[in-house]
Engineer: 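The structure's right below; bear with me while I get my questions together.
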Amino acid sequence: MNLKVILKALWDRILGWALIACGLIAILIGWIGVSGTPFVYKQLPYVVSGGLLGIALIGIGATLLISADLRDEWRKLEQSEARF
Amino acid sequence: MSPLQSEPLPTVRWRPRGEPVLRREPESRGKNRVASRGRGATVGLSQPRGPWGLNDVLVAYAMNGIGAVGLLVSWWGVSGSVQSRSQLAWLNLGIGALVVLGVGNVVWLLVGRRRVGESIRRARDFWGTVSSTEFANIADDVDADAARLRADRQSGGAKALGATRYLAVKNASRFHREDCDLVIDKKTIAASPAVHLNAGRRPCEICKP
């Protein structure tokens, strides 16, 4: 099985994990930015771009992973019905 | 007479909803066309397979889009100000955008979970109505029909059945009459019984082709 087939079959899971990884990285960058300055007005942009965006990316990634499971379950039901 | 003959089996109604299917029209009406069943299933064949309809996809995209734009605007506003009061207002906007985005994703998952659950319940309801005795009778009838059709094929019995075309879903194990409920709204292959038998399919025990 080549890479193209794997990507086509598992795109949602791969994208989901990639988004979760990006979210964690964003949170890490946000934490580094916030801890690097004592000024609140400089910290808040990091809270938004790092913290909130990281949470959003993790949420979207998790949604994609759960959606992939639901889609698999749906496909199995459809195949069972077609086989009957 | 078997119980199957005296009391017809209930029609299968547990197809997952919201899935666009190819409906094969009678040959007199010509080409295939796209049909849809269930809520929100009004899209073409390019729709990704899953329990979601077009409306669900649009709602999810809209709420995620609003959330993403809200986060971007919030970041832009917070970065462009040095006053805490102004920054907190923009931060509130970002939190609100995050809530919108989260609600959109939760709704998406709940809709999918509900549709899959409905489909599973329909399957359970259907199989719960078929007793073990009926299963045994189904198996006997299927074996008898298959043997009869095989004998017909071997003895040139195609003259009786060969002109009639029966339908089967691709990769399915049974073939059906054109009016059988099990193939309505499905993409099917039309062929003679001999062809279906050669492909390893058995006659449907409900419509008894």
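In the text below, chain A, chain B and the rest are named by the order of the sequence lines, each starting its count at 1. The figures here come from the full heavy-atom set of this structure, side chains too, leaving out hydrogens, waters and symmetry mates.
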Engineer: Tell me, out of B:L72, B:L71, B:N64, who's got the most heavy-atom pairs with chain A below 4.5 Å.
Structural biologist: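 Between B:L72, B:L71, B:N64, the count favours B:L71.
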Engineer: Measure the spacing between OG1 of A:T63 and CG of B:L101 and express it to the nearest 0.5 Å.
Structural biologist: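 Reported to 0.5 Å precision, the distance equals 8.0 Å.
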Engineer: Counting only non-hydrogen atoms closer than 4.5 Å, does B:L109 touch chain A with its backbone (N, CA, C, O), its side chain (CB onward), both, or neither?
Structural biologist: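 B:L109 touches chain A through backbone and side-chain heavy atoms alike.
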Engineer: Answer with side chain, backbone, both or neither: which region of A:I60 has an atom nearer than 4.5 Å to a non-hydrogen atom of chain B?
Structural biologist: both
Engineer: Can you tell me how far CG of A:L44 sits from CH2 of B:W75, rounded to the nearest 0.5 angstrom?
Structural biologist: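 B:W75 CH2 to A:L44 CG: 14.0 Å, rounded to 0.5 Å.
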Engineer: Before accepting this row, confirm whether a basic side-chain N of the pair B:R113/A:E73 lies closer than 4.0 Å to the acidic partner's carboxylate O.
Structural biologist: yes
Engineer: State the OH-OG distance between A:Y46 and B:S79, to the nearest 0.5 angstrom.
Structural biologist: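 Reported to 0.5 Å precision, the distance equals 9.5 Å.
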Engineer: For B:Q87 and A:P45, work out which heavy atoms get closest and say how close.
Structural biologist: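 Heavy atoms only, the tightest pair is NE2-CD, 4.2 Å.
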Engineer: Assess the side chains of A:S67 and B:W108: does a donor N or O sit below 3.5 Å from an acceptor N or O?
Structural biologist: yes
Engineer: Go through A:V48, A:L53, A:D72 and name the one with the most non-hydrogen pairs under 4.5 angstrom from chain B.
Structural biologist: A:V48
Engineer: So which heavy atom on B:G94 is nearest to which on A:L52, and how close?
Structural biologist: C-CD1, 3.7 Å
Engineer: In Å and rounded to the nearest 0.5 Å, what is the CG to CD distance from A:L77 to B:E118?
Structural biologist: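 Rounded to the nearest 0.5 Å, the CG-CD separation comes to 12.0 Å.
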Engineer: Would you say the side chain of A:Y41 lies within less than 4.5 Å of the side chain of B:V78, judging by non-hydrogen atoms?
Structural biologist: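 In short, these two side chains do not touch, never coming nearer than 4.5 Å.
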Engineer: Take A:W74 and B:S119, measure what side chain to side chain donor-acceptor pair (under 3.5 Å) needs, and give me the verdict at the end.
Structural biologist: CA-CA 8 Å; A:W74 181 266; B:S119 182; over 6 Å; no
